Q: 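Would you mind keeping the following structure in view while I ask a few things?
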Amino acid sequence: MTALPEAALSLPSGQVAACDPFIGLGDDVDPFTAEVDPGTYLIVLSVVELTRTELPEFTDERVAAAWLQISDKPTREWTLALSDGQSLAELGDTEFFGYGVDAGTGCFVDAAVTVPLGDLLGEDCGPLVTALFDAENSMVRTPAVLADPESGHCFVAFSSGWGDGHYPTWVGRSVDGAVTGFVTEFFVVPQPGRGPVCE
C-alpha cells in the first residue's frame with residue numbers, strides 16, 4: 001500500500017483559511033467561521049492516477065483533494081466551509097462558495113499570518129516556485145511547506161487538480177459538533193449535478 005503524501009501545518013491562531021498562495025498571500029484572507037484549537041495538524045493529499053482507454057501506456061496523476069486533519073474522531077457530516085458574510089441560504093441547489101485559483105495551486109494557511117507570509121514570498125514568489133517544482137519532488141505527489149525561519153509561520157501548498165478554477169472547501173464535524181477536518185476538492189473525480197460557483 002502506498003502512503004498518501006502529507007505535510008504538517010502550524011495554525012497559531014486556529015483560524016483556518018484556504019487560497020491560491022500566488023495571489024492570496026500578502027493580503028488578508030478571510031478565515032472560515034469554523035475555528036480550531038491552535039496547534040500543528042497534518043495535511044494529506046488524495047492523488048488519483050488517470051489512464052486513457054485509447055492510450056493504455058499513458059498515465060497522469062492529479063490531486064483530487066487536500067485534507068486538513070484536525071481530529072481522529074469519526075466525521076458525522078460534511079458541510080460547506082463558510083467565511084463571515086456567507087450564508088448557505090444564498091446558494092442554489094448546485095451552487096457553492098469557493099476560492100479562485102489562477103496559478104494551478106491551492107494552500108491551507110492560518111489566516112492570521114497571511115500578510116507576513118506574502119512578504120516571505122517576495123514579488124516573484126521565487127521560494128514557492130522552487131518548492132513546488134523541485135525536480136526531485138513533484139508537487140503532485142508531495143505538498144510543499146514554506147516557513148518563515150524567524151517566526152516559524154508557514155503554509156502548505158499543493159497542485160489544484162486540473163489547474164485554475166474555483167474550488168470549495170468542506171468542514172467535517174463529529175457527532176458532538178467538534179471540527180474533524182477541512183477538505184478542498186478539485187473536481188478531478190466527476191460528480192453529477194455540479195453547478196456554478198459563488199465567490
Side-chain angles (χ1 to χ4, degrees), residues 2-32 34-48 61-72 81 83 98-122 125-134 136-165 167-172 179-186 188:
T2 303
L4 296 175
E6 61 184 38
L9 173 67
S10 173
L11 295 174
S13 76
Q15 300 177 75
V16 179
C19 66
D20 177 337
F22 285 97
I23 60 177
L25 298 183
D27 297 321
D28 289 323
V29 178
D30 291 333
F32 299 123
E35 295 188 19
V36 302
D37 290 335
T40 298
Y41 302 94
L42 279 183
I43 290 175
V44 179
L45 302 185
S46 295
V47 179
V48 175
E61 288 185 338
R62 298 284 169 167
V63 175
W67 177 21
L68 171 56
Q69 298 179 320
I70 302 299
S71 168
D72 57 4
S83 298
Y99 67 86
V101 170
D102 262 348
T105 309
C107 81
F108 279 115
V109 63
D110 191 297
V113 300
T114 55
V115 172
L117 285 175
D119 295 338
L120 173 69
L121 293 182
C125 294
L128 177 54
V129 173
T130 299
L132 289 173
F133 299 103
D134 186 313
E136 298 178 1
N137 191 21
S138 167
M139 69 180 287
V140 171
R141 298 178 182 87
T142 306
V145 182
L146 266 77
D148 183 329
E150 294 185 5
S151 68
H153 297 329
C154 70
F155 67 95
V156 176
F158 32 79
S159 174
S160 57
W162 297 112
D164 298 349
Y167 303 106
T169 300
W170 304 88
V171 57
V179 173
T180 58
F182 297 82
V183 172
T184 300
E185 65 168 312
F186 296 115
V188 173

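Keep in mind that what you see is a predicted model, and the values were worked out from it rather than measured. Note that these values count all heavy atoms, side chains included, but never hydrogens, waters or copies made by symmetry.
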Q: Could you please spell out the steps behind the side chain to side chain contact (heavy atoms under 4.5 Å, CB included) verdict for Val179 and Val171?
A: CA-CA 7 Å; Val179 173; Val171 57; 3.9 Å; yes

Q: Flag the pair Glu185 / Pro168 as yes when at least one side-chain heavy-atom distance between them is below 4.5 Å, and no otherwise.
A: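 Glu185 reaches Pro168 side chain to side chain.
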
Q: Hey, are the side chains of Phe108 and Leu11 touching, using non-hydrogen atoms and a 4.5 Å cut-off?
A: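 Result no, sub-4.5 Å side-chain heavy-atom pair not found.
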
Q: Is there a donor-acceptor pair closer than 3.5 Å between any side-chain N or O of Ser159 and the backbone N or O of Thr105?
A: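 Side chain of Ser159 to backbone of Thr105, a donor-acceptor pair under 3.5 Å: no, none is there.
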
Q: Taking it one step at a time, do Val109 and Val29 satisfy side chain to side chain contact (heavy atoms under 4.5 Å, CB included)?
A: CA-CA 9 Å; Val109 63; Val29 178; 5.5 Å; no

Q: Over 60° means perpendicular and under 30° means parallel, so tell me whether Tyr99 and Tyr167 are parallel, tilted or perpendicular.
A: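 Taking Tyr167 first and then Tyr99, their aromatic rings stand perpendicular (interplane angle over 60°).
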
Q: Take His153 and Asp110, measure what side chain to side chain contact (heavy atoms under 4.5 Å, CB included) needs, and give me the verdict at the end.
A: CA-CA 8 Å; His153 297 329; Asp110 191 297; over 6 Å; no

Q: Are any non-hydrogen side-chain atoms of Thr114 and Leu25 less than 4.5 angstrom apart?
A: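 Yes; the side chains approach each other to less than 4.5 Å.
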
Q: Is there side-chain contact between Trp67 and Val183, with at least one heavy-atom pair below 4.5 Å?
A: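 Yes, their side chains come closer than 4.5 Å.
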
Q: Any side chain to side chain donor-acceptor pair (under 3.5 Å) pairs touching residues 22-31, not counting sequence neighbours?
A: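 Residue pairs with at least one partner in residues 22-31: there are none.
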
Q: Could you tell me the separation between the SG atom of Cys154 and the CG atom of Leu146, rounded to the nearest 0.5 Å?
A: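 One gets 9.0 Å once the value is rounded to the nearest 0.5 Å.
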
Q: Starting from the C-alpha separation in whole Å, work towards a yes-or-no answer on side chain to side chain contact (heavy atoms under 4.5 Å, CB included) for Phe158 and Phe186.
A: CA-CA 11 Å; Phe158 32 79; Phe186 296 115; 3.7 Å; yes

